[in-house]
Amino acid sequence: MRKAKSDMQNAVGFYWTLPVPWAGFSALPDNIEDAAKVSRTIRYQCKAIRHYAKARNLRLVAEEVFLEIAPDRGSEYVLEPLRQVAKICRTQNAVLLFVDFSQVQGWRSHGPLSDWARHAGIDIGPVYPDERLIDGKTFDPHAHFSEWRERQHEWIEGKQERLACALTHAIRLRTEGRTHKAVAEEMNATLIRSATGKPWTAESIRKLVSAASE
């Protein structure tokens, strides 16, 4: 017999992703719907966990997102957001749901998250990352992250080329009399990437040009 609505168990969804420097993706809105609009990985996790919760008669009482600090690994910075989520789970008597990408792509596993989950003292519900339709197209986590890994490798290998390109543009603009701030603004607007993919600032332009003249 299906549980009455009042008997539904509560659940909390936790969605995380990595920054993507070669795509200029370095920030994530706190609002779930806004975060899902700018990140296909977050959008996928939202859909997967909402479907999982509905199929098992779970009531999602909260959804939280987290953007890692490095583009190639999970870090212990996730622990504080997880502690906050755990408080919600205890208060609401809820199970924590997250998509366990490591089940299809081992290198995408999140060690600190997995270690925390084993000792969190709350109910944990890892969700299998199966294929789903996202924006009218099939999203296959295995294929998606394999392609992502190749792009990330290309980005790392192209660091020196990016620096040389940025330096050429920065010196030209400075020669024209632009301030460091104006140079940073133009290079950001024309998508001339920094070594890390972070937006240029007046200070980073100053350091770039100064290092070349030493």
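Throughout, residue positions are numbered sequentially from 1 according to the sequence presented. This is a predicted model, so every value here is computed, not measured.
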### Task
Not counting sequence neighbours, which residues clear side chain to side chain contact (heavy atoms under 4.5 Å, CB included) with Ala53? List them please.
Leu58, Leu60, Leu97
Tabulate below the donor-acceptor pairs under 3.5 Å that side-chain atoms of residues 166-174 make, not counting sequence neighbours, or state none.
unit_1 : atom_1 : unit_2 : atom_2 : d
Thr168 : OG1    : Ala164 : O      : 3.0
His169 : ND1    : Cys165 : O      : 2.9
Arg172 : NH1    : Glu176 : OE2    : 3.2
Arg174 : NH1    : Arg178 : O      : 2.7

#### Entry: Set of ring pair (Phe, Tyr, Trp, His ring centres under 6.0 Å) partners for Phe139, sequence neighbours left out
Tyr44, His144
### Message
Quick test of your reading: applying salt bridge (Lys or Arg N to Asp or Glu O under 4.0 Å), list the pairs with at least one residue in residues 133-142, sequence neighbours left out, ordered by first then second residue.
### Response
Arg43-Asp135
### Message
Strictly by side chain to side chain donor-acceptor pair (under 3.5 Å), give each pair with a member in residues 77-87 just once, sequence neighbours left out.
### Response
Glu80-Arg83, Glu80-Gln84
Side-chain atoms of residues 115-126: list all donor-acceptor pairs with protein atoms under 3.5 Å, sequence neighbours left out, distances to 0.1 Å.
unit_1 : atom_1 : unit_2 : atom_2 : d
Asp115 : OD1    : Arg118 : NH2    : 2.2

### Task
Output every pair passing salt bridge (Lys or Arg N to Asp or Glu O under 4.0 Å) with a member in residues 16-41, not counting sequence neighbours, ordered by first then second residue.
Glu33-Arg50
### Message
Could you check whether any side-chain heavy atom of Leu163 comes within less than 4.5 Å of a side-chain heavy atom of Leu208, counting everything from C-beta outward?
### Response
yes
### Message
Taking side-chain hydrogen bond (donor to acceptor under 3.5 Å, both in side chains) as the definition, give me every residue that meets it alongside Arg162, ordered by chain and number, with sequence neighbours left out.
### Response
none
### Query
Can you name the residues that form a side chain to side chain contact (heavy atoms under 4.5 Å, CB included) with Glu185, not counting sequence neighbours?
Lys181
### Query
Who are the salt bridge (Lys or Arg N to Asp or Glu O under 4.0 Å) partners of Glu203, not counting sequence neighbours?
Arg206
### Query
Can you name the side chain to side chain contact (heavy atoms under 4.5 Å, CB included) partners of Leu133, sequence neighbours left out?
Lys47, Thr138
### Message
Looking at every non-hydrogen atom in both residues, tell me the closest pair between Ala184 and Ala202 and how far apart they are.
### Response
CB-N, 3.9 Å
### Query
Who passes side-chain hydrogen bond (donor to acceptor under 3.5 Å, both in side chains) against Thr179, sequence neighbours left out?
none
